[in-house]
**Q** 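Before we start, here is the structure in question, set down as structure tokens.
Model, not experiment: these values are computed from the prediction.
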Amino acid sequence: MRRTALLALPLMALPLAFAAPAQAEESVDITLNPLNTSGASGTATVTANDNGSLSVDITGSGYVPNSPHAQHIHGDASGDFTCPTAADDKDGDGVLTVEEGLPKYGGVFVSLTTKGDTSADSGLAVDRMPVADADGNLSYSRTIAASALPAGATDNLDSLHIVQHGIDANGNDQYDLQALGESSFAKSLGVDGIPEEATDPATCGQIQPAGGVDTGGSPTASTNSASQLPLYALGGAALLGAGGVFAGRRRLSGSAS
């Protein structure tokens with residue numbers, strides 16, 4: 001009797017051996033390198049949690065002080081994207097614009113807002129983006145629920161990038177129209193009066209899991225440029241609110257708009 005019971009134990013345990021394991025937590029570190037000689041840099045940690053949520057923690061310095069900085073996860077769950085370089089400044093004016101960067105890093109996949117919606121609709125919701133402190137330091141931490149993430153976000157981290165926006169081209173510690181004029185991207189959405197400085201990319205970092213393969217190939221413009229622009233266009237209404245943020249800040253600083 002005792003021998004029969006002992007022989008049965010492996011058979012009883014057999015279903016357990018084939019049970020699907022729980023999703024393992026995966027965490028990756030990203031270095032945010034400066035674009036447009038912004039002087040900004042930082043580090044980010046992106047964690048795919050076992051409940052399907054995504055945690056993003058960012059710290060950095062050298063940002064435009066007391067100013068909001070739009071930031072996003074760019075790309076998609078299957079594309080081949082990379083950070084742009086100075087060589088992508090197609091018109092050779094020395095400034096890498098949103099339009100020139102999009103073919104490389106793709107459209108908005110997740111908007112890294114401080115609260116509320118995180119979809120591409122909030123890509124330009126500057127009133128809900130992190131604000132650098134008086135010394136130009138920026139800190140951000142948020143966990144985004146699985147239900148709020150686009151399909152594949154936690155399964156394809158190595159296809160994605162983090163891009164932050166907002167530069168200070170003339171070194172006066174604010175966004176203004178004197179440096180680069182109006183944002184060509186904002187104007188393409190029908191919104192006037194937004195400084196180009198506020199929308200130009202300041203940093204970019206490729207999400208690269210440990211031991212992963214570099215995904216830094218350049219996608220074709222027909223796939224990842226024009227087709228991705230509507231993702232930004234969805235945030236056009238939010239950009240109207242951003243104009244108020246910038247205008248209010250200029251009034252506080254006493255500078256001319």
Side-chain angles (χ1 to χ4, degrees), residues 26-35 38 40-49 52-64 67-77 79 81 83-84 98 101-102 104-133 136-167 175 185 198-208 228 231-239 241-242 245:
E26 180 185 10
S27 185
V28 295
D29 295 322
I30 305 102
T31 299
L32 300 173
N33 296 307
L35 294 175
S38 66
S41 62
T43 58
T45 299
V46 178
T47 303
N49 301 306
S53 65
L54 191 72
S55 296
V56 182
D57 297 277
I58 300 174
T59 58
S61 60
Y63 300 89
V64 183
S67 299
H69 289 267
Q71 56 180 21
H72 322 94
I73 294 176
H74 282 260
D76 61 34
F81 302 98
C83 287
V98 169
L102 272 171
K104 282 298 185 70
Y105 52 64
V108 175
F109 196 55
V110 178
S111 297
L112 298 177
T113 55
T114 57
K115 61 182 179 180
D117 177 62
T118 57
S119 72
D121 296 34
S122 294
L124 295 172
V126 182
D127 58 328
R128 292 186 287 112
M129 293 294 179
V131 178
D133 66 18
N137 300 313
L138 184 146
S139 180
Y140 174 83
S141 182
R142 185 173 184 184
T143 295
I144 303 170
S147 59
L149 293 169
T154 58
D155 298 326
N156 299 275
L157 295 184
D158 57 347
S159 295
L160 308 176
H161 295 70
I162 288 178
V163 180
Q164 296 173 305
H165 302 262
I167 65 174
Y175 303 138
F185 177 68
T199 58
D200 287 340
T203 72
C204 181
Q206 183 170 336
I207 298 177
Q208 182 63 54
Q228 295 290 350
L231 295 178
Y232 271 107
L234 291 171
L239 189 57
V245 173

**Q** Taking the side chain as C-beta and beyond, is there a heavy-atom pair between His74 and Val108 under 4.5 Å?
**A**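 A side-chain contact exists here, since the closest heavy-atom pair is under 4.5 Å.
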**Q** Do the side chains of Pro68 and Asp127 get nearer than 4.5 Å, heavy atoms only?
**A**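 Contact flag for Asp127/Pro68 side chains = no.
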**Q** Over all heavy atoms of both residues, which pair between Ile58 and Leu32 is shortest? Give the atoms and the distance, please.
**A**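 Taking Ile58 first and Leu32 second, the nearest heavy atoms are CG2-CD1, 3.8 Å.
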**Q** What I'd like to find out is whether the side chain of Leu160 reaches to under 4.5 Å of the side chain of Val46, using heavy atoms alone.
**A**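 No, every pair of side-chain atoms sits at 4.5 Å or beyond.
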**Q** Can you tell me how far OG of Ser119 sits from CG of Leu149, rounded to the nearest 0.5 angstrom?
**A**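 So the CG of Leu149 and the OG of Ser119 are separated by 11.0 Å.
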**Q** Rounded to the nearest 0.5 Å, how far does SG of Cys83 lie from CD1 of Ile162?
**A**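 Spacing of CD1 (Ile162) from SG (Cys83) equals 10.0 Å.
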**Q** Using the side-chain hydrogen bond (donor to acceptor under 3.5 Å, both in side chains) definition, which of the options Ser139, Ser141, Ser27 pairs with Asp57?
**A**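 Single pass found, and it is Ser141.
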**Q** So how far is it from Asn33 CG to Thr203 OG1, rounded to the nearest 0.5 Å?
**A**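 Going from the CG atom of Asn33 to the OG1 atom of Thr203 covers 8.0 Å.
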**Q** Does the plane of the ring in Tyr105 sit parallel, tilted or perpendicular to the ring in His165? Use 30° and 60° as the thresholds.
**A**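 Answer is perpendicular, since the angle exceeds 60°.
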**Q** Can a side-chain donor-acceptor contact be found between Asp117 and Ser111 if the only test is distance below 3.5 angstrom?
**A**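 Ser111 vs Asp117: no donor-acceptor pair found between side chains.
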**Q** Looking at every non-hydrogen atom in both residues, tell me the closest pair between Ala151 and Phe109 and how far apart they are.
**A**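 For Ala151 and Phe109, the tightest heavy-atom pair comes out as O-CZ, 3.9 Å.
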**Q** If every non-hydrogen atom of Leu112 is compared with every non-hydrogen atom of Tyr140, which pair is closest and at what distance?
**A**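 In this case the closest contact between Leu112 and Tyr140 is C-OH, 3.4 Å.
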**Q** With a 4.5 Å heavy-atom cut-off, do Met129 and His72 have their side chains touching?
**A**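 Yes, at least one pair of side-chain atoms sits under 4.5 Å.
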**Q** So, for Tyr63 and Ala132, which heavy atoms are closest and what is the spacing to 0.1 Å?
**A**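 Result for this residue pair: CB-CB, 3.8 Å.
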**Q** Which heavy atom of Tyr175 sits nearest a heavy atom of Val64, and at what distance?
**A**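 Smallest interatomic distance, heavy atoms only, reads CE2-CG2, 3.7 Å.
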**Q** Can you check whether Asn137's main-chain N or O pairs, donor with acceptor, with Ser61's side chain at less than 3.5 Å?
**A**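 A pair under 3.5 Å: no.
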**Q** Nearest 0.5 angstrom please: Asp29 CG to Thr47 OG1, how far?
**A**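 Reported value, rounded in 0.5 Å steps: 8.0 Å.
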**Q** If I take atom CD from residue Gln71 and atom CG from residue Leu138, how far apart are they, to the nearest 0.5 angstrom?
**A**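 Going from the CD atom of Gln71 to the CG atom of Leu138 covers 6.0 Å.
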**Q** Under 4.5 Å between any side-chain heavy atoms of Arg142 and Thr113, yes or no?
**A**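 Yes; the side chains approach each other to less than 4.5 Å.
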**Q** What closest approach, in Å, do Thr154 and Gly52 show between heavy atoms, and which atom pair accounts for it?
**A**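 Residues Thr154 and Gly52, closest heavy atoms: CG2-O, 3.6 Å.
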**Q** Apply side chain to side chain contact (heavy atoms under 4.5 Å, CB included) to residues Ile73 and Leu54 and explain how you reach the verdict.
**A** CA-CA 11 Å; Ile73 294 176; Leu54 191 72; 3.9 Å; yes
